[in-house]
Amino acid sequence: GDSVTQMEGPVTLSEEAFLTINCTYTATGYPSLFWYVQYPGEGLQLLLKATKADDKGSNKGFEATYRKETTSFHLEKGSVQVSDSAVYFCALTDAGGTSYGKLTFGQGTILTVHP
Amino acid sequence: DAGVIQSPRHEVTEMGQEVTLRCKPISGHNSLFWYRQTMMRGLELLIYFNNNVPIDDSGMPEDRFSAKMPNASFSTLKIQPSEPRDSAVYFCASSLLGVDTQYFGPGTRLTVL
């Protein structure tokens, strides 16, 4: 079945540091890929998404590129802020499969940014 | 527009009691998902509905759990009887069928003593 693997956390960075959170996936179809973010005490929010190979999703300074050849969707940000401290989830949905609409999540990566 | 609404936000109950969690999806959305989040198991999909019909309930842990969607604007997740291992944050999410982005509610934090 479909699966998503994220780099283990927690990740601790200083403000203005460069961020990379790795995400790789396994899927039988042609999935859409997502990054969701969960701030403390809140639900998940969509951060960015990409729906086909070589697409780049971007939002709030974060970027991720859909790499079909390496089955990856790594999240990057050039300069993190304290306010970026949260849990980040990589996810996929196989729109063309029988599980249409169902999201498969990675285990989440905790990011803490210090001033 | 209002997002996904969940109630209650917090629930504390004693083992053996019935618990009902409620969700109102975004108006116009026709897919609804229930998730459970714990430190040990992460985010788990329990069940999802398309057009009020349950499509996949394979994530429902056991018969103590049941979910209904009587109409397009309301869903419930019931646990009867509750057990301490059911303590978790339960999220509801909704989306438009055919559009892959899900929108999450704020969650219900359930504590079973």
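Just so it is clear: chains get the letters A, B, ... in the order the sequence lines come, proteins before strands, and each one is counted from 1.
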Do the non-hydrogen side-chain atoms of A/Tyr36 and B/Thr101 ever get within less than 4.5 Å of each other?
yes
Heavy-atom proximity to chain B below 4.5 Å, by part of A/Thr104:
neither
Are A/Leu111 and A/Val37 co-members of a hydrophobic cluster defined by side-chain heavy atoms under 4.5 Å apart?
yes
Cut-off 4.5 Å, heavy atoms of chain A, and the answer for B/Arg109 is neither
Any idea which heavy atoms bring B/His29 and B/Leu96 closest together, and the distance?
CD2-CG, 3.7 Å
Under 4.5 Å from any heavy atom of chain A - which part of B/Gln37:
side chain
Considering only heavy atoms from C-beta outward, does the side chain of B/Tyr90 approach that of B/Glu11 to under 4.5 Å?
no
is_close_aromatic(B/Tyr48, B/Phe33), centroid dist under 6.0 Å
yes
Structural part of A/Leu46 lying under 4.5 Å from a heavy atom of chain B
side chain
Heavy-atom proximity to chain B below 4.5 Å, by part of A/Gln38:
side chain
Please state whether the side chain, the backbone, both or neither of A/Gln107 comes within less than 4.5 Å of a heavy atom of chain B.
neither
